[in-house]
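The sequence lines fix the lettering, A, B, ..., with proteins before strands; numbering per chain opens at 1. Quick note: numbers below take in every heavy atom, side chains included, and nothing from hydrogens, waters or symmetry partners.
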Amino acid sequence: MVVSTILVRRMPQAPCRTPLRRRCAMWRVGVIQYHHVFDMRWERHSMAKDGITARSKDYSQWYLDIVREADLADYAEVVRGCIVFKPTGYAIWEGIQSGLDARIKETGHVNAYFPLLIPKSFLMKEAEHVEGFAPEVAEVTHASGEELTEPYVIRPTSETIIGYFYAKWVRSYRDLPILINQWANVMRWEMRTRPFLRTAEFLWQEGHTVHATEQEAEEETLMILNDVYADFVEKEMALPVFRGLKTDSEKFPGALRTYCIEAMMQDGRALQAGTSHNLGQNFAKAFEIQFTDQSNTVQTAWTSSWGVSTRLIGALIMAHSDDDGLVIPPRLAPIQTVVVPIYKNDAEKAVVMEAVARITAEWKGKIRFKIDTRDHLSPGFKFNEWEVKGVPVRIEVGPKDVEKGSVAMARRDVPGREGKSFVPQEGLTERIVALLEEIQAALYQRAVAFKESHTRSVSTYAELKEAIETGFAYCWWAGDGDDEKRIKEETRATIRCIPLDQPGGTGTCVYTGKSATKMVVFARSY
RNA sequence: CGGGGCGUGGCUCAGUCUGGUAGAGCGCACGGUUUGGGACCGUGAGGCCGGGGGUUCGAAUCCCUCCGCCCCGACCA
């Protein structure tokens, strides 16, 4: 098993001002003696921060630049395919965890924890499951210097080990339903890795439930998709999603049906933001999860599983950030407001800091904030740094503000001076709280507008090919798995989902020309 | 795993073709002047040139071989 990992070589120390732009195509190609000339032109016309490639130039490099410049992750170059979640990146994950955990618990689930290692034989019990995961499973064969009689695999997902225990725990219909979630790390040895989007080890939550009837399992699967995942991603992450059903070729190995939410990134590609599987009786049969019903008949149970991962951090970055750096929706921002005090000498500092203390006194519990008291950095440097790091609101307090009873307030979703205004200190707390909500809403609206303007209804294959160059294609579909495969080979696009929300009626299949009853979403995906 | 690129102070790179024992900018440390959109001057610290083998009087440089990273593709949360 071999995978390739991730390491950004171009990793300048935090924000810095280099005399030559590293990624300016002009000088790269360029004539050496004119470097400085090109550099000055570039400087004047580019709003981009140092070290961040423009999205329009190289989207994938832009993503890596944001991860590095916003200090979200480090590359674990000594462990293939893995990253370190640095404090800022992990704090975003903690925000995701708390929003999801609350919803998971509100809908009746409880947390538990199952082993990292799974007997290899467990994985073999469900035919599709083995086939689906075999290529990406890491195996533990030795311990204490000796070969194990039965190797373990490091969990790529936990249906099998949890299935084993559920079989042990379930005896009667009175034991049902079982509604358990676990927060865990899993390992999938991938061919190609990208920080947050795809790494060998990642963090996630996986819910595993057992039900007495098929209908109850189906209701659970859909409830998680709508009330937990879509609700969280749209409200907290400010990311609109398509909710839908996966086609057979895209569904989870071992599932009866897989539902998903799909989000659109700024390059028009789709990112699966969450999945919820109705596992039918596949795992229940393989692990003999059985119960005695009211009429004393032994029945096989129905199970579901569902998960979202640290990949959501990648979605967050790619959906909202800009060429100036990270943009985090206020509800998920670890720091919602940063205060930059401005002063020239000790006398001014004393006055300004006194005002800052007074202004922020009532923020506790209302705003997550930080006061940037670093003395050796200029205010301008700090403005840029906090913009790169995506803090939604910045408050500047200087001697003039103290005099006038004002502060400067800047919003990250409108970068640079345009997003800056001077407001009175009086009523500032309420003003900031309101602005945070406004930014949250604005980011969502912007994402909705982007998604809508980049989703095209298409009726011919030629139109489909064109649409997926810039976004999603929405069309009638009556093809099969082979048709999907051919389209994928020809266009690199796949059916992301069959939306739950269907127009009804019939149409002509975009590919086969047959009469179709369902509309689907095609896109290239991450 | 295929095709392409790459690995030199913390970071970005020059030096490799044409072997002679390592440089720049940024960052970092100290001192001073600065501070409302990425400040400046001075002084200084920091590198077994990804690892291992070979050729050679001598290897960052040539040869072999591992390892790792980036881009494109196939596989995937």
Side-chain angles (χ1 to χ4, degrees), chain A residues 1-23 28 32 35 43 47 49-51 58-61 64 68-69 75-81 132-136 156-157 186-194 196-200 202-206 250 252-253 258 260-262 271-275 306-315 324 340-345 348-349 352 374-388 394 396-401 407-408 410 415-417 419-420 422 488-489 492 494 525-526:
Chain A
M1 282 175 274
V2 192
V3 281
S4 47
T5 333
I6 357 113
L7 178 103
V8 164
R9 274 167 292 109
R10 300 156 186 235
M11 197 184 291
Q13 204 67 313
C16 62
R17 199 151 253 292
T18 44
L20 294 182
R21 298 287 170 155
R22 296 191 307 287
R23 297 185 190 87
R28 257 194 185 166
I32 290 161
H35 278 180
E43 188 103 9
M47 291 299 290
K49 302 290 197 229
D50 274 317
D58 185 343
Y59 192 81
S60 142
Q61 185 61 51
L64 293 168
R68 166 175 34 78
E69 295 291 320
Y75 300 85
E77 63 270 22
V78 288
V79 186
R80 193 173 213 171
F133 281 104
E136 43 189 337
T157 178
V186 288
M187 180 160 274
R188 296 182 187 177
W189 216 262
E190 304 285 355
M191 292 288 99
R192 189 174 168 195
T193 60
R194 306 184 86 186
F196 299 122
L197 296 175
R198 177 161 299 103
T199 48
F202 59 94
L203 308 178
W204 75 347
Q205 60 67 217
E206 47 178 326
E250 295 280 326
F252 176 78
T258 290
C260 64
I261 51 173
E262 295 280 332
L271 189 141
Q272 182 175 300
T275 50
W306 27 275
V308 307
S309 71
T310 36
R311 187 175 221 209
L312 282 183
I313 300 172
D324 289 331
V340 178
I342 297 159
Y343 44 79
K344 289 188 175 70
N345 50 49
E348 282 187 1
K349 180 177 179 183
V352 166
R374 293 174 298 176
D375 247 342
H376 62 292
L377 298 171
S378 69
F381 183 93
K382 292 177 182 178
F383 300 164
N384 282 282
E385 178 170 291
W386 293 115
E387 276 171 10
V388 170
R394 181 181 71 247
E396 307 166 15
V397 184
K400 290 177 206 162
D401 293 306
V407 300
R417 291 193 180 85
K420 193 152 134 178
F422 289 87
K488 187 179 178 182
E489 279 162 10
R492 282 163 52 214
T494 50
S525 74
Y526 277 97

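Residue A:Phe202 and nucleotide B:A77 are classified as a stacked aromatic pair, their ring centres being separated by less than 5.5 Å at an interplanar angle below 30°.
Straight-line distance between the C1' atoms of B:G38 and B:G42: roughly 22 Å, to the nearest whole Å. Distance check on atom P: B:G50 versus B:C17 gives 15 Å, rounded to whole Å. Look at the P atom in both B:G47 and B:A24: the space between them is 15 Å, to the nearest Å. Comparing B:G15 with B:A22, their C1' atoms sit 8 Å apart, to the nearest whole Å. Separation of the C1' atoms belonging to B:A39 and B:C26 is 15 Å when rounded to the nearest angstrom. Using atom P as the reference point in both B:C1 and B:C62, the two lie 27 Å apart (nearest Å). Comparing the same atom, C1', in B:C63 and in B:U56 gives a spacing of 12 Å after rounding to whole Å. Taking atom C1' in both B:G10 and B:G20, one finds a spacing of 30 Å when rounded to whole Å.
Between the CG atom of A:Asp324 and the P atom of B:G38 there is a distance of 14 Å, given to the nearest Å. Residue A:Tyr343 contributes atom OH, which lies 15 Å from atom P of B:U34 at whole-angstrom precision. The CZ-P distance, from A:Arg192 to B:G68, rounds to 17 Å in whole Å. Atom P of nucleotide B:A77 and atom CD of A:Gln272 are separated by 6 Å, given to the nearest angstrom. Atom NE2 of A:His376 is separated from atom C1' of B:A29 by 12 Å (rounded to the nearest Å). Here the C1' atom of nucleotide B:G36 and the NZ atom of A:Lys349 are 17 Å apart, to the nearest Å. If you take CD of A:Glu69 and C1' of B:G10, they are 14 Å apart, rounded to a whole angstrom. If you measure from atom CD of A:Glu250 to atom C1' of B:C75, you get 12 Å, rounded to the nearest angstrom.
Distance from the side chain of A:Pro379 is smallest for B:G36 among the nucleotides B:A77, B:G36, B:G68. Nearest to the side-chain atoms of A:Ile342 among the listed nucleotides B:G68, B:G36, B:G73 stands B:G36. Between B:G36, B:A77, B:G38, one nucleotide has an atom nearer to the side chain of A:Ala408 than all others, and that is B:G36. Of the listed nucleotides (B:A39, B:G37, B:C71), B:A39 has the atom at the smallest distance from the side chain of A:Phe381. In the set B:A77, B:C71, B:G36, the nucleotide with an atom closest to the side chain of A:Leu64 is B:C71.
The closest side-chain heavy-atom distance from A:Trp306 to A:Phe252 is not below 4.5 Å. Annotation: side chain of A:Cys260 is not in contact with side chain of A:Glu250 (no heavy-atom distance under 4.5 Å).
Considering only residues two or more places apart in sequence or on other chains, A:Lys420 meets the side-chain contact (heavy atoms from CB on, under 4.5 Å) condition with A:Phe383, A:Arg394, A:Glu396, A:Ala408, A:Ala410. In this view, A:Thr258 and A:His277 satisfy the side chain to side chain donor-acceptor pair (under 3.5 Å) rule, not counting sequence neighbours.
Using a 4.0 Å cut-off, some side-chain N or O of A:Lys488 falls inside it from OP1 or OP2 of B:C75. Put simply, A:Arg492 has a side-chain N or O that comes within less than 4.0 Å of OP1 or OP2 on B:G73. At the phosphate of B:A39, OP1 or OP2 sits under 4.0 Å from a side-chain N or O atom of A:Ser378. Distances shorter than 4.0 Å separate some side-chain N or O of A:Ser60 from OP1 or OP2 on B:C71.
On a pure distance criterion of 3.5 Å, a polar donor-acceptor pair joins the side chain of A:Glu387 and the base of B:G37. Donor-acceptor pairing under 3.5 Å, judged by distance alone, is present between the side chain of A:Lys420 and the base of B:G37. If you check distances only, the side chain of A:Arg394 does reach the base of B:G37 with a donor-acceptor pair under 3.5 Å.
Residue whose closest nucleotide on RNA chain B sits further toward the 5' end, between A:Trp204 and A:Phe422: A:Phe422.
Between A:Leu271 and A:Leu197, the closest heavy-atom pair is CD1-CD2, 3.4 Å.
A:Thr310 places a side-chain N or O within 3.5 Å of a backbone atom of A:Leu203 that can act as its donor or acceptor partner. In this structure, the side chain of A:Lys344 does not engage the main chain of A:Pro399 through any donor-acceptor pair within 3.5 Å.
Across all strands shown, A:Leu312 has no heavy atoms under 4.0 Å from either base or sugar-phosphate atoms.
Taking a pair to require two hydrogen-bonding distances under 3.5 Å in either a Watson-Crick or a G-U wobble arrangement, B:G73 pairs with B:C1.
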